[in-house]
Trainee: 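Quick one: structure below, then a few questions.
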Amino acid sequence: MTTLTFSQKRYLAALYILQLTTNEVRAVHVARRLGVTAASTSVALHALRGKGLLCVSGTGALRLTAPGLRLAEEYCSRYARLAAALIRLGVPAETAMDDARLLAHSLSGESFVHICRACEKAHTSSAPGNDPASAAGHGPA
């Protein structure tokens, strides 16, 4: 199992998104997307390359390897699910996205699954027509 830092996961996610939207991803694109220096980007990309998650063509184009793509998709999926769950719980979108970024990195797989289930359950039970008290005639009216 490849262990990645929070920063490395951010770079993987940026590469993944750029790879989906750009024909040829370059280090400068990654640096711009993340708002970091070229030097920081170079160090991070070198580390990802060393872990076998990224390859660089002879022309300098960047491409995630199969393991890199898998990890990036997993991280982005966790982020998206957590952000959506937090928004459903009433957290403002900007805060939810910031918090989801941290949570996606920090949570174990088990905690992630339980949190998502709890959020989905809370959202489903609060949907109109799903209030057991109202259904049983015990609502406020």
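Model, not experiment: these values are computed from the prediction.
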Trainee: Between L48 and L4, what is the shortest heavy-atom contact and its length?
Mentor: CD2-CD2, 4.3 Å
Trainee: Mind checking what makes salt bridge (charged side-chain N to carboxylate O under 4.0 Å, His left out) contact with R33, not counting sequence neighbours?
Mentor: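 Testing R33 for salt bridge (charged side-chain N to carboxylate O under 4.0 Å, His left out), a comparison that skips the adjacent residues, returns none.
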Trainee: Hey, what do you get for CD (E110) to CD1 (I115), rounding to the nearest 0.5 Å?
Mentor: 11.0 Å
Trainee: Checking T65 side chain against G52 main chain: does a donor-acceptor pair fall under 3.5 Å?
Mentor: yes
Trainee: Minimum heavy-atom separation for A61 to R26, with atom names?
Mentor: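 Taking A61 first and R26 second, the nearest heavy atoms are N-NH1, 3.4 Å.
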Trainee: Nearest 0.5 Å please: distance from the CD atom of Q19 over to the CG atom of L12.
Mentor: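 Between Q19 CD and L12 CG, I get 10.5 Å after rounding to 0.5 Å.
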Trainee: Looking only at side-chain N and O atoms, does S57 offer a donor or acceptor that is under 3.5 Å from a partner on T59?
Mentor: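 On atom types as modelled, these side chains qualify, holding a pair under 3.5 Å.
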Trainee: Identify which one of T21, L18, L15 satisfies the side chain to side chain contact (heavy atoms under 4.5 Å, CB included) criterion when paired with H29.
Mentor: L18
Trainee: Kindly give the heavy-atom pair with the smallest separation between L107 and F112, and that separation in Å.
Mentor: CD1-CA, 4.1 Å
Trainee: Could you go step by step and tell me if Y11 and L54 meet the side-chain contact (heavy atoms from CB on, under 4.5 Å) rule?
Mentor: CA-CA 11 Å; Y11 278 91; L54 174 70; over 6 Å; no
Trainee: For the pair Q8 (side chain) and A47 (backbone), establish whether a donor and an acceptor sit closer than 3.5 Å, ignoring hydrogens and angles.
Mentor: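 A pair under 3.5 Å: no.
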Trainee: Indicate yes or no: at least one non-hydrogen side-chain atom of L71 is less than 4.5 angstrom from one of Y16.
Mentor: no
